[in-house]
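Following: one structure in structure tokens, then a few remarks.
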Amino acid sequence: VVKVLEKWASEHDTLAEKSAIRAEQELQEEILAEQTVPVDAEINVADKQCNQALLEAAARGTDGTIVRLLAEGANASAVDGYGRPVLSLAAARDHVPSMRALVYAGANLDHSDRQGRTALIAAAQGGAIEAVGWLLKRGANWRRADHQGETALQWAKRNMKRAVLMTLQEWISNHGSKKEREDMRAQILETNMLLIEGCKIGSIDAATRALLDGGDPNASDSGALPQV
């Protein structure tokens with residue numbers, strides 16, 4: 001169990017490192033948004049084909065192509081054959097510069113697909129940590145659930161996307177209502193206690209499960225956490 005915890009700590013970024021990465025990402029996004037990209041003569045600007053090309057570019061993360069297509073009149077709210085908005089396709093693949101261009105062009109942050117899943121939920125499902133952070137900062141509705149009643153937080157936990165789960169937990173702890181903050185504190189404490197118990201009995205499976213659920217490798221029996 002000790003080896004599992006040590007390996008986990010060595011493989012995951014500290015909060016400061018994550019903040020630095022996000023700051024650098026946002027700087028790159030600003031640069032991209034200010035770029036003037038020449039129109040590609042090979043792009044077919046017929047509405048249907050242009051929108052299809054936009055959807056494909058979002059899925060691939062080809063930012064320059066997205067900027068060109070939007071400049072040619074592609075619909076920033078286009079959806080694919082499954083009803084998935086172009087913003088969700090970009091979010092699921094963690095393509096923040098593409099998302100920024102789409103939102104600037106009018107894409108709705110909370111546009112959902114046929115299952116009621118928004119870009120934030122799509123990003124949480126896929127573990128797209130930068131996309132989740134970007135969407136939260138720009139006002140995406142983190143309380144919104146899909147047609148199954150699952151929120152981005154619940155999807156992150158179900159899909160074992162620990163970094164996304166912790167980001168959402170931190171956001172709720174800072175921006176939720178009083179009850180939401182209290183509930184989140186109780187949930188974090190419970191997970192940490194499960195991690196501690198798993199370590200005490202030498203259960204790698206239990207410890208790993210608790211870590212994936214957002215458990216803190218530095219948690220103590222006292223359960224001390226910053227006040228909400």
Side-chain angles (χ1 to χ4, degrees), residues 7-26 28-29 58-59 61 84-85 87-100 102-103 109-113 115-176 180-181 183-192 194-195 207-219 225-226 228:
K7 181 179 179 182
W8 190 277
S10 67
E11 291 179 350
H12 290 74
D13 294 330
T14 63
L15 182 59
E17 289 170 339
K18 288 180 181 178
S19 298
I21 291 172
R22 290 178 185 174
E24 181 180 353
Q25 178 68 50
E26 289 184 356
Q28 292 174 350
E29 292 168 16
R84 295 174 299 186
L87 182 63
S88 292
L89 295 178
R93 291 159 180 81
D94 218 10
H95 299 318
V96 176
S98 297
M99 295 164 58
R100 189 181 192 91
L102 289 165
V103 171
L109 288 173
D110 294 320
H111 187 184
S112 62
D113 62 16
Q115 285 73 46
R117 294 167 188 162
T118 63
L120 181 60
I121 292 177
Q125 287 178 315
I129 183 65
E130 296 300 331
V132 167
W134 189 88
L135 287 164
L136 288 172
K137 290 177 181 178
R138 279 147 189 82
N141 186 355
W142 51 269
R143 294 184 176 94
R144 185 165 173 174
D146 61 17
H147 296 333
Q148 296 179 9
E150 302 284 345
T151 64
L153 179 73
Q154 291 167 319
W155 271 112
K157 185 172 184 178
R158 173 186 288 190
N159 289 3
M160 297 185 291
K161 305 301 182 181
R162 184 177 189 272
V164 169
L165 178 62
M166 295 185 70
T167 296
L168 288 165
Q169 287 177 333
E170 180 181 0
W171 186 269
I172 295 170
S173 295
N174 292 327
H175 301 278
E180 287 169 335
R181 296 197 306 270
D183 289 347
M184 183 54 59
R185 176 180 172 81
Q187 178 182 323
I188 293 172
L189 284 171
E190 180 182 0
T191 302
N192 286 341
L194 290 173
L195 174 59
T208 300
R209 177 70 254 185
L211 286 169
L212 289 171
D213 284 346
D216 182 359
N218 298 311
L225 285 174
V228 177

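Atoms considered below: every heavy atom in the structure, side chains included; atoms not considered: hydrogens, waters and symmetry mates. The chain is numbered in sequence order, starting from 1.
In this structure, the salt bridge (charged side-chain N to carboxylate O under 4.0 Å, His left out) partners of D146, at least two apart in sequence or on a different chain, are R117. By the side chain to side chain donor-acceptor pair (under 3.5 Å) test, E150 pairs with R158, sequence neighbours left out.
At distances below 3.5 Å, not a single donor-acceptor pair connects side-chain atoms of R144 with backbone N or O atoms of T118. Between the D94 side chain and the A131 main chain, a donor and an acceptor come within less than 3.5 Å of each other. Remark: side-chain polar atoms of E170 are not paired, donor with acceptor, to backbone N or O of T167 under 3.5 angstrom. Between the side chain of R181 and the backbone N or O of G176 there is at least one donor-acceptor pair closer than 3.5 Å.
Between V164 and A156, the shortest heavy-atom distance links the atoms CG1-CB, 3.7 Å. The heavy-atom pair separating Q125 from K161 by the smallest distance is O-CE, 3.4 Å. Q169 approaches L153 most closely through the heavy-atom pair CG-CD1, 4.0 Å. When every heavy atom of A145 is checked against every heavy atom of T151, the shortest pair comes out as CB-CG2, 4.0 Å. Listed here is the closest heavy atom pair of A119 and A91: O-CB, 3.6 Å. A90 and L102 get closest at one heavy-atom pair: CB-CD1, 4.3 Å.
Between I172 atom CD1 and M184 atom CE the span is 4.0 Å, to the nearest 0.5 Å. In this structure, the separation between CD1 on I121 and CG on L135 is 11.0 Å, given to the nearest 0.5 Å. The CD atom of Q154 sits 11.0 Å away from atom CG of L165, with the distance rounded to the nearest 0.5 Å. One finds the NZ atom of K137 at 8.0 Å from the CH2 atom of W171 (value rounded to the nearest 0.5 Å).
Side-chain N/O atoms of R93 and S98 include no donor and acceptor closer than 3.5 Å.
Residues N141 and L120 have side chains not in contact (no heavy-atom distance under 4.5 Å, counting atoms from C-beta outward). Under the 4.5 Å side-chain criterion, counting only non-hydrogen atoms from C-beta, V132 is not in contact with W142. Between M99 and L87, the closest side-chain pair of non-hydrogen atoms falls below 4.5 Å. Put simply, the side chain of V103 does not reach to within 4.5 Å of the side chain of R138, judged on heavy atoms.
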